[in-house]
**Student:** 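My structure is below; once you've seen it, I'll send some questions.
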Number of protein chains: 2
Amino acid sequence: MGFSNGAAWMEGQIIPIKDAKISVIDWGLTRSDITYDVVHVWDGAFFRIDGYLDRFQASIAKLRLEIPQSRADIKHILHDMVAASGLTSAYVSMVASRGTPIIPGTRDPRACNNHFYAWVVPFVWVIPSEVAMRGAHILLAGGNTRISPQSIDPTVKNYHWGDMTNALFEALDAGYDTTVLLDDHGHVTEGPGFNVFAVIDGTVVTPKSGMLMGITRQTVLEICAELDLPHEARDVSADEFLQADEVFTATTAGGPVPVTRVNGRILGNDAPGPIAASVIQTYWDWHKRPDLINPINYGKAS
Amino acid sequence: MGFSNGAAWMEGQIIPIKDAKISVIDWGLTRSDITYDVVHVWDGAFFRIDGYLDRFQASIAKLRLEIPQSRADIKHILHDMVAASGLTSAYVSMVASRGTPIIPGTRDPRACNNHFYAWVVPFVWVIPSEVAMRGAHILLAGGNTRISPQSIDPTVKNYHWGDMTNALFEALDAGYDTTVLLDDHGHVTEGPGFNVFAVIDGTVVTPKSGMLMGITRQTVLEICAELDLPHEARDVSADEFLQADEVFTATTAGGPVPVTRVNGRILGNDAPGPIAASVIQTYWDWHKRPDLINPINYGKAS
């Protein structure tokens, strides 16, 4: 009962998160043939929801999924669902799945009942806030590489996380908070749920390919422009990353977060760096900009 | 009502397949942090179930999953579920999922409620039987490569199928029945749901790495030994595959199936080859071998 742990929208109904389930034979599960996006709600408003909707619709098109809901429908559903949940700081997921074949027994992905659903839970911190305060400790994954864009398009937000999970086990076992994966060429890509930035020779750099094009990553680049910080998207080698003056992460689920240790190296005397601090301050300040937020009308939950 | 479309075992209950669902926030879905195996039932008996259980348990260990059910429990559950379904030719799936974190909000895969479930549906032909009769037409995927073993261990049977699905779209759009993917080095790996064999200079060859170690693949290798056919597991280049005298697939969901066209090339005058035919004959003959089958007691459905 109640939506304090979260809610979901499925087949036209808003239901408690614990009751939100999909079939064990849905190809969204059995083939991970599914895409999603996550927008956050902060202080009662969506932040940059149109950017997330743009990406979600692009992902759906790239996977050749077709859902009955229009962009306006999705936006309306997300608003109503969050309003019904009563959550004013929240992690909001929208999902489009392949579904099951229209003709039972066929294995043709072109003829399936594609479907949309959404869910909301209390705000998620990919890196817990107490870790964010002292700065995260990151291990560059040595055991496995990030899935190559030649196999899976990383710009389509997806649930193919086996490489992330394996690297996360390696990092957690070694006492680190999280991990960042390298590609086949030894370039830095991303971590489980976040993009990365490094301050190298006074420039804020971030990988340019092989990872999700994060909305928070884009926001950080815009913040760099606003703050007159030199910034660049380019290939970043593991060595450069290890020798950076500052490192920080960026995710919808917690915003930018400083990193104080990478592998054995301690950055900035083990304290969050000044550039990360100013980016983080601006990021949260921007959550008051009327042009970037969409307030939720909690009174009109349908 | 009824189990004619299939059944599932979830949390101790046998239920209709349409009611078998998992949470939209289960990491088995949202991180594809899950492994499974598929054994088939033919003529009222499991075929080589111990081989499938061996592999399933190895996959669970490799993903560091821990489920409460012992091997004997799983075998018992599968027997009871299939008996209850009444299906005498069936596709039987056993699944172990990461579940959700024990402490809500944490993102540590080491502390989750791992869980097991199973389901059964009428026998599935990965390649439809009418296609198998004339021989399948295969397109070697040109648009994307198979996920590298450096990223995801392909010997752990998994739902990371985005590369398969993308290649399948390419093949189906071009009028082929299915696809086979190459690895980063241009070697043949596997298709969506099957291993591959090629007859090259009188030897039956099959890829040796970069794909699932199929139980049916293993059975085919044993059949080759039985039939005194030279056989070898080794790297197979795309060119060798295209120039092979015969090609055939191997899967639990349909057994070995002849291939008569690969890309533009027609093999053996467009008719299934003699070596494939003898392997297929022996494969189905072996379904009567008492040492390889476990008959299901349909009378004692619990």
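Lettering of chains follows the sequences in order, A, B, ..., and the numbering in each one begins at 1. None of these values were measured; they are calculated from a predicted model.
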**Student:** Considering only heavy atoms, which portion of A:Asp173 lies under 4.5 Å from any heavy atom of chain B: side chain, backbone, both, or neither?
**Tutor:**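 Answer is both: backbone and side chain atoms of A:Asp173 are under 4.5 Å from chain B.
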
**Student:** Answer yes or no: does atom CD of B:Gln57 have more than 12 heavy-atom neighbours from other residues, nucleotides or ligands under 6.0 Å?
**Tutor:** yes

**Student:** Are more than 12 heavy atoms, taken from residues, nucleotides or ligands other than B:Lys157, located less than 6.0 Å from that residue's NZ atom?
**Tutor:** yes

**Student:** Using heavy-atom distances under 4.5 Å, tell me whether B:Arg146 contacts chain A through its side chain, its backbone, both, or neither.
**Tutor:**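 Contact with chain A involves the backbone of B:Arg146 alone.
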
**Student:** Distance check, rounded to the nearest 0.5 Å: A:Arg107 atom CZ versus B:Asp177 atom CG?
**Tutor:** 13.0 Å

**Student:** Of all of A:Ile22, A:Ile17, A:Ile147, A:Asn144, which one pairs up most often with chain B through heavy atoms under 4.5 Å apart?
**Tutor:**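 When all of A:Ile22, A:Ile17, A:Ile147, A:Asn144 are compared, A:Ile22 has the most.
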
**Student:** Does CG belonging to A:Asn5 count more than 12 external heavy atoms closer than 6.0 Å?
**Tutor:** no

**Student:** Which residues from residues 159-169 of chain A are near chain B, with near meaning under 4.5 Å between non-hydrogen atoms?
**Tutor:**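 From residues 159-169 of chain A, the residues near chain B are A:Tyr159, A:His160, A:Trp161, A:Gly162, A:Asp163, A:Thr165, A:Leu168, A:Phe169.
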
**Student:** Is there any residue in residues 182-189 of chain B with a non-hydrogen atom under 4.5 Å from a non-hydrogen atom of chain A, and which ones are they?
**Tutor:** B:Asp184

**Student:** Measure distances from B:Pro192 to the heavy atoms of chain A and classify the residue's part below 4.5 Å as side chain, backbone, both or neither.
**Tutor:**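 For B:Pro192, the backbone is the part near chain A, not the side chain.
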
**Student:** Under 4.5 Å heavy-atom distance to chain A, tell me which part of B:Ile152 shows up: side chain, backbone, both or neither.
**Tutor:** side chain

**Student:** Within residues 23-36 of chain B, which residues come under 4.5 Å of chain A, heavy atom to heavy atom?
**Tutor:**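 From residues 23-36 of chain B, the residues near chain A are B:Ser23, B:Val24, B:Ile25, B:Gly28, B:Leu29, B:Thr30, B:Arg31, B:Ser32, B:Asp33, B:Ile34.
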
**Student:** Chain A contacts: which residues in residues 123-139 of chain B have a non-hydrogen atom closer than 4.5 Å to it?
**Tutor:** B:Val124, B:Trp125, B:Val126

